[in-house]
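Each remark here refers to the structure printed beneath this line.
Excluded from the calculations below are hydrogen atoms, water molecules and symmetry mates; all remaining heavy atoms, backbone and side chain alike, are included. Everything numeric here is computed off the predicted structure, so don't read it as measured data.
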Amino acid sequence: MALGLAVTGAFAQDAPKEHADQPQDQYVGSMTTLGELQVEIPGRKPGDPVMTDEEFQNATTIYFERCAGCHGVLRKGATGKALTTDLTRENGFEYLRDFIVYGSPAGMPNWGTSGDLSEAEVDMMARYLLLEPPTPPEWGMDKMRETWNVVVAPEDRPTEKMNDIDIDNLMSVTLRDAGQIALIDGANYKIHSIIDTGYAVHISRISASGRYLFVIGRDAKVNMIDLWMEEPATVAEIKIGMEARSVETSKFEGYEDKYAIAGAYWPPQYVIMDGDTLEPLRIQSTRGTTYDEQLYHPEPRVAAILSSHYRPEFIVNVKETGKILLVDYSDLKALTVTEIDAERFLHDGGLDHTQRYFITAANARNKLVVIDTKEGELEAITDSEGLTPHPGRGANFEHPDHGWVWATSHLGDDSVALISTDPEGENAWQVVESFYALGGGSLFVKTHPESNHLYVDATLNPDPEISASVAVYKIDEMKAGEEPEMIVLPIGEWAGIPEGQPRIVQPEFNKAGTEVWFSVWNAKDKVSAIVVVDDKTLELKEVIKDERLVTPTGKFNVYNTRADVY
Ligand code: DHE
């Protein structure tokens, strides 16, 4: 759509050549919950551009939902540049307007020429950036306790499993835009329950006991769901902030499920809760200095959180400061936190096959960071040799020539990297193979101890056919230095959905490792599905369709998630 912008005089910048933002440019935190915040224009100053309160409110919503993920909630910068008024006023309205229209090859989407924002919205946003940003409220113990609700007290819960569900083979499926999860039977594919959770629900994690499901919404609402009840249901809930992405429970021997933890994007903090009731016990801010420039950062977001199997510690990724925190929960009154300098823009990650080493992507810097969770120290930092690594939990397998490796795919290019996970080997933590997958925009890779296949999605690839397919590689046929044969599964075609542009996201195995489930993620008002593939034959086994399956994305098999099988 040609944008008929009446641009007076020369551009404030040369209009960049044709701009099409890359998958990794779209895949950034969207503060959808903050977008609903009611705000007022902070401290108007003489010379401020004219902006009605209503415009300021609308501009704030757009900013939180589309810009804050890169530029920060307070506009201090994150993976994108700072947009504080000292800078924006120096550049001026025209410069800001053109930048929003055309974007930049450095990763700023072309909001105007792509049609994502109208001419009036572009104009409004350029004026908005000349004003001071609103600061969302903090979310301390007072607000947490207000939202904390024990629906069924521990003493009133069943003392034995009251249903005949094979919990270990149950799949918790994120129904992202419905704000629900579906509990689907791993054997007969029947939906046991649909449970309301937080807004734009994100991920599920499982208690060490395998009995409780912990689900977090992007609105930072945590639901604790009892899978033993006749009808699985929420037994406790709490809102730990305004934006969040991660939740976990304690897994170290003697502390199993004693505590739960959840980490927020806003406010930048994590909270340790009672593992039985979600009572908030200790809130820790992550505000502090960046590891490299030692500059204060006002909103370092909590990204992935994992539980150590070697120490009574939570492993907490802090995105903007580039620090990995080892939070020792053995004494909450004298909390010991080991703060490890890692790399900025930490995101997701998983354990190696021994479950000792945590391997995580600092994706905006194309790095992989390895933490020794037994010794509690940095083991290695390595280049992923691709653009924007996005491992999810990653994939561990024994390569015929390289031995044990851990795989990640990339958002920014079509490569899959295998790093050696033999700590004594000559290539320890180095990339030993890099080969092609379907194309950029991959989000998740997966394999299973019982499988001979590595699966790689291409969810955010701009080509509809590619984003509706999955690449598969036979592990036992991989050879050092050779491109492994890529088998392409037309998952979207198998789903038989005529409308929309369904994207295939996140392979997930059943407990036995004999089946792989793929989400066929379509728009909210279109039909989605889950496709089940036989891992041995790579043939279609089942298509699960149900009008309740609205925007299915992440799927979490209870046993595989609880036991950190991946
Ligand atoms: Fe996620 C994991 C953040 C968008 C599906 N996602 C994670 C983790 C983080 C994160 C920090 C690791 C959690 C952990 O291990 O504790 N995700 C973000 C974002 O900031 C981002 C880029 C944009 C946003 O606004 O949220 C984002 N994520 C998405 C999606 O759009 C996905 C594809 C679909 C959806 O449901 O939202 C999505 N994210 C997932 C899944 C996992 C995940 C399925 C868990 C992977 C696993 O195997 O553990």
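- With Tyr265 as the aromatic partner, Arg245 meets the cation-pi criteria of under 6.0 angstrom to the ring centre and within 45 degrees of the ring axis.
- Of the residues Thr88, Asp123, Thr60, the one that meets the side chain to side chain donor-acceptor pair (under 3.5 Å) test with Tyr128 is Thr60.
- In this structure, the side chains of Leu325 and Ile340 stay at 4.5 Å or more apart for every pair of heavy atoms.
- Scanning both residues, Ser204 and Ile181, for their nearest heavy atoms gives OG-CG2, 4.4 Å.
- Scanning both residues, Thr561 and Asn557, for their nearest heavy atoms gives OG1-O, 2.7 Å.
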Side chain to side chain donor-acceptor pair (under 3.5 Å) assessment of Asn366 paired with Ser384: CA-CA 6 Å; Asn366 307 323; Ser384 76; 5.4 Å; no

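- Screening Arg287, Arg301, Arg344 against Glu320 for a salt bridge (charged side-chain N to carboxylate O under 4.0 Å, His left out) leaves a single residue, Arg301.
- When side chains are defined from C-beta on, Val337 does not count as touching Leu326, because their heavy atoms never get closer than 4.5 Å.
- By the side chain to side chain donor-acceptor pair (under 3.5 Å) test, Glu293 pairs with no residue at all, sequence neighbours left out.
- Here the CG atom belonging to Asn91 is positioned 13.0 Å from the CZ atom belonging to Arg97, to the nearest 0.5 angstrom.
- Considering every non-hydrogen atom in both Asp196 and Gln180, the closest pair reads OD1-NE2, 2.9 Å.
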Met141/Trp148 under side-chain contact (heavy atoms from CB on, under 4.5 Å): CA gap, chis, key distance, verdict: CA-CA 10 Å; Met141 190 53 88; Trp148 173 49; over 6 Å; no

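- Listed by chain and residue number, nothing satisfies the side chain to side chain donor-acceptor pair (under 3.5 Å) test with Glu256 (two or more places apart in sequence, or in another chain).
- For Lys143, the NZ atom is densely surrounded, since the number of other residues' heavy atoms within 6.0 Å is greater than 12.
- Considering OG of Ser246 and OH of Tyr270, their distance stands at 12.0 Å, rounded to 0.5 Å.
- Considering only heavy atoms from C-beta on, Thr373 stays 4.5 Å or farther from Glu313 through its side chain.
- Every residue two or more places apart in sequence or in another chain that forms a salt bridge (charged side-chain N to carboxylate O under 4.0 Å, His left out) with Glu237 is listed here: Lys221.
- Between Tyr102 and Thr113, the closest side-chain pair of non-hydrogen atoms falls below 4.5 Å.
- For Lys446, the salt bridge (charged side-chain N to carboxylate O under 4.0 Å, His left out) criterion is met by Glu508, not counting sequence neighbours.
- Minimum heavy-atom separation, Ser307 to Ile315: C-CD1, 4.4 Å.
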Check against side chain to side chain donor-acceptor pair (under 3.5 Å), Thr61 and Asn58: CA-CA 5 Å; Thr61 301; Asn58 293 341; 5.5 Å; no

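- To the nearest 0.5 angstrom, Leu96 atom CG is 5.5 Å from Leu130 atom CG.
- Residues satisfying the salt bridge (charged side-chain N to carboxylate O under 4.0 Å, His left out) criterion with Asp564, sequence neighbours excluded, are absent altogether.
- For Tyr291, there are no ring-ring contact (aromatic ring centres under 6.0 Å, His included) partners at least two apart in sequence or on another chain.
- Val369 places a side-chain heavy atom less than 4.5 Å from the side chain of Leu346.
- Considering only residues two or more places apart in sequence or on other chains, Ser207 meets the side chain to side chain donor-acceptor pair (under 3.5 Å) condition with Ser209.
- Residue pairs meeting the salt bridge (Lys or Arg N to Asp or Glu O under 4.0 Å) criterion with at least one partner in residues 358-369, sequence neighbours excluded, are Asp292-Arg365, Glu343-Arg365, Lys367-Asp383.
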Ring pair (Phe, Tyr, Trp, His ring centres under 6.0 Å) between His390 and Phe444, worked out: CA-CA 7 Å; His390 189 281; Phe444 297 105; 5.4 Å; yes

Pair Asn317-Thr360, side chain to side chain donor-acceptor pair (under 3.5 Å): steps then yes or no: CA-CA 9 Å; Asn317 271 2; Thr360 182; 2.7 Å; yes

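- Thr249 places none of its side-chain heavy atoms less than 4.5 Å from the side chain of Ile261.
- Atom OG of Ser528 and atom CD of Glu547 lie 12.5 Å apart (nearest 0.5 Å).
- Take Asp274 and apply the side chain to side chain donor-acceptor pair (under 3.5 Å) test, not counting sequence neighbours, and it matches Thr277.
- Within the 3.5 Å criterion, the main-chain N or O of Gly392 finds a donor-acceptor partner in the side chain of Asp348.
- Applying the salt bridge (Lys or Arg N to Asp or Glu O under 4.0 Å) test to every pair with at least one member in residues 75-84, sequence neighbours left out, gives no pairs at all.
- Once rounded to the nearest 0.5 Å, the distance linking CZ of Arg176 with NZ of Lys524 reads 11.0 Å.
- For Gln294, the CD atom counts as densely surrounded, since its 6.0 Å shell holds more than 12 non-hydrogen atoms of other residues, nucleotides or ligands.
- Under the ring-ring contact (aromatic ring centres under 6.0 Å, His included) criterion, the residue pairs touching residues 314-337 are Tyr255-Tyr329, Tyr259-Tyr329, Phe314-Tyr329, with sequence neighbours excluded.
- Taking the side chain as every heavy atom from C-beta outward, Phe56 and Leu131 approach each other to under 4.5 Å.
- When side chains are defined from C-beta on, Thr174 does not count as touching His202, because their heavy atoms never get closer than 4.5 Å.
- Salt-bridge check for Arg145 with Glu279: passed, with a basic side-chain N closer than 4.0 Å to an acidic carboxylate O.
- Contact record, Ile305 with Ala262: CD1-C, 3.9 Å, taken as the closest heavy-atom pair.
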Worked verdict on Thr85 versus Glu132 for side chain to side chain donor-acceptor pair (under 3.5 Å): CA-CA 6 Å; Thr85 50; Glu132 290 303 324; 2.5 Å; yes

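- Here the straight-line distance linking atom OG1 of Thr234 with atom CE of Met229 works out to 9.0 Å at 0.5 Å rounding.
- Closest of all the heavy-atom pairs between Ile194 and Ala182 is CD1-CB, 3.7 Å.
- Every residue two or more places apart in sequence or in another chain was checked for a salt bridge (charged side-chain N to carboxylate O under 4.0 Å, His left out) with Lys555, and none qualifies.
- Partner of Ile504 under the side-chain contact (heavy atoms from CB on, under 4.5 Å) criterion, out of Leu443, Val520, Asn461: Val520 alone.
- With salt bridges taken as basic N to acidic carboxylate O contacts below 4.0 Å, one links Asp226 and Arg211.
- Exactly one of Thr289, Thr286, Thr338 qualifies for a side chain to side chain donor-acceptor pair (under 3.5 Å) with Lys323. That residue is Thr289.
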